[in-house]
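If you're wondering where the values come from, they're calculated on a predicted model, not measured in any experiment. Along the sequence shown, residues carry numbers from 1.
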Amino acid sequence: MLWKPDKLLRAILIWTAITLIIVWLPLVRGLMDGNSYQWGNYFFGMQFGGHGVHGDYWLLVLQAVFGILLLYLGWRGARPPFHWLLLLWQILLTAQACYNSFTSPEDYRFQGDTLGVDVSLAWVGPVLTGGFALLSVFWVLRDLRMRTETIAPKWNRANFVFLLIVLALLPIQFVLLRFGEPHDLRDQVGVILTMTQWVLINCALFPWSSSKRAVEVFERV
């Protein structure tokens, strides 16, 4: 039987992809913008950051590799060690959200200076991360108990088309982010393209072979 993700797993993977945007965006901007781009993050009270690809940039690389591996395994059959990587990420997210909410609720915010985004996560963060962590635990226990022999989905034309689009965006992002001034239109478009690129990466990993309609559309491309 051909494997395909159930609705709960799809929701969990989409949420996981959303949480990893905060890794992909500074990873790409640090590489494209150069030293003019300053980024930073806190992990249980410890501050990490840098300019461009300097400082703690290697941590972003590790997080990105971890995140893409996690999503790849999740969309392409959810085989071990996916279950444990998923729980590790969701539990760490929840612990971090609760820590931030209790220690510095006024500073626990989602901020994007380029697009002028500033949203408090003081109570939303723990609720969302905790809720999806519980759903992940439920899905893992159920899947380990009920999993049957299945065939992993194969890559098809739809996957390769999305992957080509992801690669085609790279030179455009470089021009917009490297030569755009902070907060100007080119910089903002570059940020939006980078976020769109992350969505397209997940579309490239999605098992389109389980959706006949999607395959039919991309077979015409």
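Nearest heavy atom pair, residue L71 against residue L20, reads CD1-CD1, 3.9 Å. The two atoms that bring L9 and A78 nearest to each other are CD2-CB, 4.2 Å, heavy atoms only. The two residues P153 and W3 make their nearest non-hydrogen contact at CD-CE3, 3.8 Å.
No donor-acceptor distance shorter than 3.5 angstrom exists from the side chain of R29 to the backbone of L177, with no hydrogens or angles considered. The main-chain N or O of P5 is found under 3.5 Å from a side-chain atom of R10 such that the two form a donor-acceptor pair. Side-chain atoms of R79 do not come within 3.5 Å of backbone N or O of L73 as any donor-acceptor pair. A donor-acceptor contact shorter than 3.5 Å links the side chain of N156 to the backbone of N159. A donor-acceptor pair is defined here as one N or O able to donate and one able to accept, closer than 3.5 Å; no such pair exists between the side chain of S101 and the backbone of A97.
Residues meeting the side chain to side chain contact (heavy atoms under 4.5 Å, CB included) test with L170, sequence neighbours left out: M32, L167, Q173, Q197. Every residue was checked against the side chain to side chain donor-acceptor pair (under 3.5 Å) condition with R178, not counting sequence neighbours, and none meets it. Taking W139 as the reference, F82, H83 meet the ring-ring contact (aromatic ring centres under 6.0 Å, His included) condition, with sequence neighbours excluded. For N100, the side chain to side chain donor-acceptor pair (under 3.5 Å) partners at least two apart in sequence or on another chain are Q96. The side chain to side chain contact (heavy atoms under 4.5 Å, CB included) check on F48 picks up F43, M46, D56, L59, with sequence neighbours excluded. For W198, the side chain to side chain donor-acceptor pair (under 3.5 Å) criterion is met by no residue, not counting sequence neighbours. Every residue was checked against the side chain to side chain donor-acceptor pair (under 3.5 Å) condition with T94, not counting sequence neighbours, and none meets it. Scanning for salt bridge (Lys or Arg N to Asp or Glu O under 4.0 Å) contacts around R186 gives D184, with sequence neighbours left out. Scored by the side chain to side chain contact (heavy atoms under 4.5 Å, CB included) test, L121 finds Y108, F110 as partners (sequence neighbours excluded). The ring-ring contact (aromatic ring centres under 6.0 Å, His included) check on Y99 picks up F44, with sequence neighbours excluded. When the side chain to side chain contact (heavy atoms under 4.5 Å, CB included) test is applied to L135, the partners found at least two apart in sequence or on another chain are L8, I12, F132.
L163 and L200 are members of different hydrophobic clusters when ILVMFWY side chains are connected at heavy-atom separations under 4.5 Å. When hydrophobic clusters are built by joining Ile, Leu, Val, Met, Phe, Trp and Tyr residues whose side-chain heavy atoms come closer than 4.5 Å, directly or via intermediates, I172 is not grouped with V199. Following chains of ILVMFWY side-chain contacts shorter than 4.5 Å, one cannot reach V140 starting from M146, and the two form parts of different hydrophobic clusters. Both W84 and L69 belong to a single network of hydrophobic side chains, linked directly or stepwise wherever heavy atoms of I, L, V, M, F, W or Y lie under 4.5 Å apart. Put simply, L134 and V124 are part of two different groups of oily side chains (I, L, V, M, F, W, Y) that touch within less than 4.5 Å, one to the next.
Here L93 contributes atom CG and T16 contributes atom OG1; the two are 8.0 Å apart, rounded to the nearest 0.5 Å. Taken from CD1 in I18 to CG in L128, the straight-line distance is 9.0 Å, to the nearest 0.5 Å. Distance CG/L205 to CD1/I68: 8.0 Å, rounded to 0.5 Å. Rounded to the nearest 0.5 angstrom, L13 CG and L86 CG are separated by 7.0 Å. If you take OG1 on T194 and CG on L169, they are separated by 8.5 Å, rounding to the nearest 0.5 Å. In this structure, T196 OG1 and I165 CD1 are separated by 11.5 Å, a value rounded to the nearest 0.5 Å.
Of the N and O atoms on the side chains of T19 and W89, at least one donor lies less than 3.5 Å from an acceptor on the other residue.
Under the ring-ring contact (aromatic ring centres under 6.0 Å, His included) rule, F162 has a single partner from W208, F206, W75, which is W208.
Using bins of under 30°, 30° to 60° and over 60° for the plane-to-plane angle, the ring pair W155/F160 lands in the tilted bin.
Heavy-atom neighbours of F66 CZ from other residues, nucleotides or ligands within 6.0 Å: above the threshold of 12.
Applying the salt bridge (charged side-chain N to carboxylate O under 4.0 Å, His left out) definition to pairs two or more places apart or across chains, those involving residues 132-144 are D6-R142, D143-R147.
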side-chain contact (heavy atoms from CB on, under 4.5 Å) for L27 and L31? Distances and angles first, verdict last. CA-CA 6 Å; L27 178 82; L31 184 63; over 6 Å; no
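Side-chain atoms of P26 and Y37, non-hydrogen and from C-beta on, do get closer than 4.5 Å to each other.
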